[in-house]
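In what follows, every chain begins at residue 1, and chains take the letters A, B, ... in the order their sequences are listed. The shown structure was predicted, so the numbers you read here are calculated from the model rather than taken from an experiment. These numbers come from the heavy atoms of this one structure, side chains and all, not from hydrogens, waters or symmetry mates.
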Amino acid sequence: MQTSSLKEEIWQIVAAIPAGSVATYGQISHLAGYPTYARYVGTTLKKLPHDTRLPWHRVVNSKGQLSFPAKSQPWHQQKSRLEAEGIVFIGNGFSLKKFQWQT
DNA sequence: CAAGGGGCTGTCA
DNA sequence: TTGACAGCCCCTT
């Protein structure tokens, strides 16, 4: 079935990420069928409303780290949420290979 | 109507 | 191994 917009596709994929796991922008964009939309994924999540229920904090870059500058407010927030789900951080990042969402 | 930016990625040296 | 550059598409001003 067809969605109203590409961003809705992204929302559904992000919402499908299980707790305790994380996914990369490229992975999400690839699952959506557009491997080159990785950048649009981040930009779209950025524009999400403050009351969104999407687990945007489970989305990280391909380096297994947060896209925000370390020590930044959103950086700590995302880190805290991931840790609450069982993600173990090491320095500025974590073991992406162990926590990355496996389909 | 037109131009620029954005929570990125992959390849080359 | 790490550092740097260009390209992808949609949304906002």
Side-chain angles (χ1 to χ4, degrees):
Chain A
M1 67 184 211
Q2 300 177 345
T3 51
S4 304
S5 200
L6 174 58
K7 65 183 187 177
E8 291 192 356
E9 286 275 354
I10 295 170
W11 294 348
Q12 298 210 6
I13 293 170
V14 174
I17 301 172
S21 298
V22 297
T24 64
Y25 297 97
Q27 184 174 8
I28 293 168
S29 60
H30 188 276
L31 291 173
Y34 304 90
T36 60
Y37 279 50
R39 203 162 175 186
Y40 181 58
V41 174
T43 307
T44 301
L45 295 176
K46 177 70 182 309
K47 294 177 207 169
L48 281 172
H50 296 178
D51 58 354
T52 182
R53 291 187 182 57
L54 291 177
W56 60 270
H57 53 271
R58 292 179 192 157
V59 184
V60 298
N61 58 23
S62 63
K63 292 176 286 196
Q65 301 179 219
L66 308 186
S67 305
F68 297 108
K71 303 191 312 173
S72 189
Q73 176 58 28
W75 185 87
H76 282 300
Q77 184 174 358
Q78 184 173 10
K79 177 174 177 290
S80 296
R81 293 190 179 191
L82 292 173
E83 289 180 326
E85 295 184 347
I87 306 297
V88 181
F89 270 73
I90 302 172
N92 294 348
F94 54 88
S95 301
L96 179 62
K97 304 188 80 156
K98 302 181 79 150
F99 294 108
Q100 184 171 19
W101 184 26
Q102 299 173 3
T103 53

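In terms of heavy atoms, A/I87 sits closest to A/G20 at CD1-O, 3.2 Å.
Nucleotides of DNA chain C that come within less than 4.0 Å of any heavy atom of chain A span, from the 5' end to the 3' end, C/dG7 to C/dC11.
Expressed to the nearest 0.5 Å, how far CD of A/E8 lies from CD of A/Q12 amounts to 7.0 Å.
Taken residue by residue, residues 91-103 of chain A places no heavy atom nearer than 4.0 Å to DNA chain B.
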Extract all donor-acceptor atom pairs below 3.5 Å that involve side chains of residues 27-41 of chain A and protein atoms in other chains or at least two apart in sequence.
from, atom 1, to, atom 2, distance (Å)
A/Q27, OE1, A/Q100, NE2, 3.0
A/Q27, NE2, A/W101, O, 2.7
A/S29, OG, A/Y25, O, 3.1
A/S29, OG, A/G26, O, 2.7

Under 3.5 Å donor-acceptor pairs involving side-chain atoms of residues 53-65 of chain A, not counting sequence neighbours:
from, atom 1, to, atom 2, distance (Å)
A/H57, NE2, A/E85, OE2, 3.2
A/R58, NE, A/E85, OE1, 2.9
A/R58, NE, A/E85, OE2, 3.1
A/R58, NH1, A/I17, O, 2.5
A/R58, NH2, A/E85, OE2, 2.8
A/N61, OD1, A/K63, N, 3.1
A/N61, OD1, A/G64, N, 3.3
A/N61, OD1, A/Q65, N, 3.0
A/N61, ND2, A/Q65, O, 3.3

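The side chain to side chain contact (heavy atoms under 4.5 Å, CB included) check on A/P69 picks up A/S72, with sequence neighbours excluded. Under the salt bridge (charged side-chain N to carboxylate O under 4.0 Å, His left out) criterion, A/K7 pairs with no residue, sequence neighbours left out. With sequence neighbours left out, the side chain to side chain contact (heavy atoms under 4.5 Å, CB included) criterion links A/S80 to no other residue.
For residues 60-85 of chain A, no residue pair satisfies the ring-ring contact (aromatic ring centres under 6.0 Å, His included) rule, not counting sequence neighbours. Among residues at least two apart or in separate chains, ring-ring contact (aromatic ring centres under 6.0 Å, His included) pairs with a member in residues 79-98 of chain A are A/F89-A/F94.
The shortest side-chain heavy-atom distance between A/L6 and A/T44 does not fall under the 4.5 Å cut-off. Taking the side chain as every heavy atom from C-beta outward, A/W11 and A/T52 never approach each other to under 4.5 Å.
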For nucleotides 6-13 of chain B, give me one character per nucleotide, 5' to 3': B if any protein heavy atom sits under 4.0 Å from the base, S if the only such contacts are to the sugar-phosphate, - if neither. BBBS----

For DNA chain B, produce a single dot-bracket line, 5' to 3'. Pairs: Watson-Crick or G-U wobble, both distances under 3.5 Å. Symbols: ( ) within strand, [ ] crossing, | other strand, . unpaired. .|||||.||||||

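Between A/T36 and A/K7, the residue whose closest nucleotide on DNA chain C is further toward the 5' end is A/T36.
Connection of A/F99 to A/I90 is not established within any shared hydrophobic cluster, with ILVMFWY side chains joined at heavy-atom distances below 4.5 Å, either directly or through further cluster members.
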